[in-house]
Amino acid sequence: MSNTIRTRFAPSPTGFMHVGNLRTALYEYLTAKHEGGTFVLRIEDTDQERYVEGATDVIYNTLKTAGLIHDEGPDLGGDYGPYVQSERVGTYLPFAKKLVEEGKAYYCFCTKERLEALREAQGNAISGYDRHCRDLSKEEVDKLLAAGTPYVIRQKMPLEGESTYHDLVYGDITVPNEDMDDQILIKADGFPTYNFANVIDDHLMGITHVVRGSEYLSSTPKYNKLYEAFGWEIPSYIHLPLIMGKSVDENGNETVSKLSKRHGSTGFMDLINDGYLPEAIINYIALLGWAPTDNQEIFSMEELIKAFDPKGISKSPSVFDYDKLEWMNGEYIKKMDSENFLKNAKPYYEKHNVSSDCYEMLEELLKPRITRFTQIDEKLEFMDSLANYEASLFEHKKSKSTIETSLASLEAAIAMLEEVEPSAWNKDNLGSIMTTLASQMEVKNSVIMWPVRIAAAGVPVTPGGCSEVLVLLGKDESLRRMRIGLDKLK
RNA sequence: GGCCCCAUGGUCAAGCGGUUAAGACGGCGCCCUCUCAAGGCGCAAUCAGGAGUUCGAUUCUCCUUGGGGUCACCA
């Protein structure tokens, strides 16, 4: 069991789960589950100033509805707890002090004001901290410490040479050592920085594969210096290409940039509220930056776990395409079983007073016509009330319908339909009545169907054909509307 | 600006020295059809540019260009 893969999702509780974060979580989950490994949830809340009420609930809810079930975490416990960094504050400082003792880190007493001035003086040629306190004498340090001077602890970085590490996606990455800042390990408030806590916790929690966005690609050597300083084994790295959004700049040119709120709904919950299904979102983002060895596009979570392979992760950033998500969502709706479909559609049925006798038929009609359940609303709008349409709506070239033919058709149809028993008011029967009428009148079916449908619906586009619309409206309402149509034609 | 990474149609992408350069979304057209969809068939559209290496480069190397990331007491 000691060589079991362990990955972690380590979000900070900001109250917002971006799809980029979610995809990272997905790949972390898949990386672990593909090998039967363990997926850990850790909350990184070392920034006290950014605390957001209820933000951890957003994380739990998102993971749960997305189907990314963690094996260890604040809510579940585990052998490596606690899983919230603010509850681990005590564990970091000793590690930092150990490095200080070994001469691998040092106390820094520089004020924020000094650092700010430094940055300003550097201007464009940003070169980081000037290592002002790096070589303070033991006496000076003790004196300042005794005086209660606020301090941070910084890590000593090598001044020359270069560092290389291997990434499973990007290959070997080499960075000049002189570019590595003497990063802060412990902040003045005693809390560890993200970088420090991250490394300590990943090690203590036995994380074997660090999966994260490619924005960490160039800072990873700094993390490795920490592992080296402690003599710990460096984990395997899987850096993920960024997700981009398309937008139009002030000059009207289309540009792409890192996905953010200005690209629309980019939060997982935003997408859910817009009517996208969790499974479809997961499926779509799984394919954003990763491709299977075959051409499969629709994946269940189980299939993803089976097929996932870091080798299929691409290196270049990918643009979030709402059109394709839309299509994929539609595919999921089409495949949905009746029970689930009804559960999602029922609120809209009720809003438009659809008879429960029509639920089954409506499912068939709606499935190929919607890509999101929210669209049902407008599809059923014609049922609420009859629109005040123009008689010209009856003219339709392709259906060979004119005002004259429509008048005749409607008159005949009304006469026929009035005789239909309410119990026989169903799709099949109404359909055969229409076609029979058409052959009696020696006209194409459409010459009957078109005007009847238009008169009943009052709008040119309906989710379904003539007989379906009649069934949806019921006998009385259908005939009422048809007579109104007849009047318009006279 | 320094450093790092990336580069196949509009988008997601397969490819891994020799291919008519897959497939999907979107677009367009046709068929089906009482509308709109769905479905079926088809079309257009890609190797950023330039040097090498090689018998042969989309595939390997370098340069250019373009794009992205990163340089916090944020995570």
Side-chain angles (χ1 to χ4, degrees), chain A residues 10-14 44-47 49-50 108 110 112 115-116 119 122-129 150-154 167 170-171 173-176 178-181 183-189 191 193-195 197-198 213-221 239 241-242 244 246 254-258 284 287-297 312 314-328 330 334 365-371 379 396 398-401 434 438 444-454 457 459-467 469:
Chain A
S12 44
T14 61
E44 307 221 332
D45 57 348
T46 55
D47 188 2
E49 290 174 19
R50 274 218 234 169
C108 171
C110 291
K112 284 188 183 179
L115 295 178
E116 236 164 76
R119 247 191 302 275
Q122 284 172 169
N124 261 345
I126 304 161
S127 56
Y129 179 56
Y151 66 87
V152 301
I153 295 179
R154 310 186 89 114
D167 181 85
Y170 288 89
I173 307 290
T174 302
V175 173
E178 58 182 329
D179 288 347
M180 287 190 240
D181 210 18
Q183 61 180 337
I184 291 174
L185 271 22
I186 301 290
K187 297 185 272 190
D189 62 5
F191 271 65
T193 56
Y194 162 81
N195 301 297
N198 200 261
S214 67
E215 63 263 32
Y216 294 97
L217 215 44
S218 53
S219 56
T220 297
H239 284 96
L242 264 16
M244 316 289 279
K246 219 184 279 178
E254 211 169 64
T255 57
V256 292
S257 56
K258 194 172 164 183
Y284 175 66
L287 262 23
L288 249 199
W290 174 80
T293 48
D294 58 11
N295 268 332
Q296 187 173 349
E297 292 228 83
S314 62
K315 300 176 182 176
S316 42
S318 36
V319 176
F320 193 93
D321 183 9
Y322 286 93
D323 283 341
K324 186 137 190 186
L325 207 213
E326 192 81 38
W327 165 79
M328 194 168 275
K334 273 179 237 160
L365 293 180
L366 257 14
K367 268 185 174 171
R369 267 169 259 255
I370 59 169
T371 49
K379 299 269 186 236
H396 187 71
K398 243 183 82 199
S399 308
K400 301 214 185 307
S401 290
M434 301 290 169
K444 286 186 67 179
N445 288 343
S446 62
V447 174
I448 305 295
M449 306 279 215
W450 176 268
V452 170
R453 200 186 110 253
I454 293 299
V459 291
V461 177
T462 55
C466 165
S467 39
V469 169

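Each chain gets a letter, A, B and so on, in the order its sequence line appears, and its residues count up from 1. Quick note: numbers below take in every heavy atom, side chains included, and nothing from hydrogens, waters or symmetry partners.
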List, with names and distances, any nitrogen or oxygen atoms from the protein found under 3.5 Å away from nitrogen or oxygen atoms belonging to nucleotides 67-69 of chain B.
| unit_1 | atom_1 | unit_2 | atom_2 | d |
| --- | --- | --- | --- | --- |
| B/rG68 | OP1 | A/Val256 | O | 3.4 |

With heavy-atom distances below 4.5 Å as the criterion, would you say the side chains of [X] and [Y] are in contact?
X        : Y        : result
A/Leu325 : A/Phe320 : yes
A/Gln183 : A/Thr193 : no
A/Tyr170 : A/Pro241 : yes
A/Tyr151 : A/Ile186 : no
A/Ser467 : A/Met434 : no

message = Atom NZ of residue position A/Lys400 - does it have more than 12 heavy atoms of other residues, nucleotides or ligands inside 6.0 Å?
response = no
request  = Might you work through the side chain to side chain contact (heavy atoms under 4.5 Å, CB included) test for A/Cys110 and A/Tyr129, ending with a clear yes or no?
outcome  = CA-CA 10 Å; A/Cys110 291; A/Tyr129 179 56; 3.1 Å; yes
Return the value, rounded to whole Å, for the distance between atom [atom1] of [X] and atom [atom2] of [N].
X        : N      : atom1 : atom2 : value
A/Leu325 : B/rA24 : CG    : C1'   : 14 Å
A/Glu116 : B/rA72 : CD    : C1'   : 10 Å
A/Leu287 : B/rA14 : CG    : P     : 10 Å
A/Met328 : B/rA24 : CE    : P     : 13 Å
A/Gln183 : B/rC74 : CD    : P     : 13 Å
A/Met434 : B/rU33 : CE    : P     : 19 Å
A/Lys324 : B/rG23 : NZ    : P     : 13 Å
A/Asn445 : B/rC32 : CG    : P     : 15 Å

In terms of side-chain heavy atoms of [X], which of [options] is nearest?
X        : options                : value
A/Trp450 : B/rA75, B/rC34, B/rA22 : B/rC34
A/Ser12  : B/rA75, B/rC34, B/rC3  : B/rA75
A/Val319 : B/rC12, B/rC73, B/rU35 : B/rC12
A/Pro176 : B/rC3, B/rU8, B/rU33   : B/rC3
A/Arg369 : B/rC34, B/rA37, B/rC5  : B/rA37
A/Asp179 : B/rA72, B/rC3, B/rC5   : B/rC3
A/Lys246 : B/rA72, B/rG10, B/rA7  : B/rG10
A/Asp321 : B/rC4, B/rC25, B/rA72  : B/rC25
A/Arg119 : B/rC34, B/rA24, B/rC73 : B/rC73

For [N], give its Watson-Crick or G-U wobble partner with both distances under 3.5 Å, or none.
N      : value
B/rC3  : B/rG69
B/rA48 : B/rU64
B/rU35 : none
B/rC55 : B/rG18
B/rC28 : B/rG42

message = Suppose you measure atom P in B/rG2 against the same atom in B/rA24; what distance do you get, rounded to whole Å?
response = 44 Å
Classify [X] by what it touches in the nucleic acid, base, sugar-phosphate, or nothing, heavy-atom distance under 4.0 Å.
X        : result
A/Ala291 : sugar-phosphate
A/His239 : nothing
A/Asp323 : sugar-phosphate
A/Thr462 : base
A/Gly330 : nothing
A/Lys367 : nothing
A/Ser401 : nothing

inquiry  = Taking the nucleotide of RNA chain B with the nearest heavy atom to each, does A/Val461 or A/Glu297 sit closer to the 5' end?
reply    = A/Glu297
message = Judged by each residue's nearest nucleotide on RNA chain B, which is more toward the 5′ side, A/Asn195 or A/Thr293?
response = A/Thr293
request  = Without swapping roles, check the side chain of A/Lys379 against the backbone of A/Ile370 for a donor-acceptor pair under 3.5 Å.
outcome  = no
Distance-only side-chain donor-acceptor flag, A/Thr220 / A/His239, under 3.5 Å = yes
Spacing of OG belonging to A/Ser399 relative to NZ belonging to A/Lys444, to within rounding of 0.5 Å = 7.5 Å
ask   = With respect to the phosphate group of B/rA75, does any side-chain polar atom (N or O) of A/Thr46 fall under 4.0 Å of OP1 or OP2?
value = yes
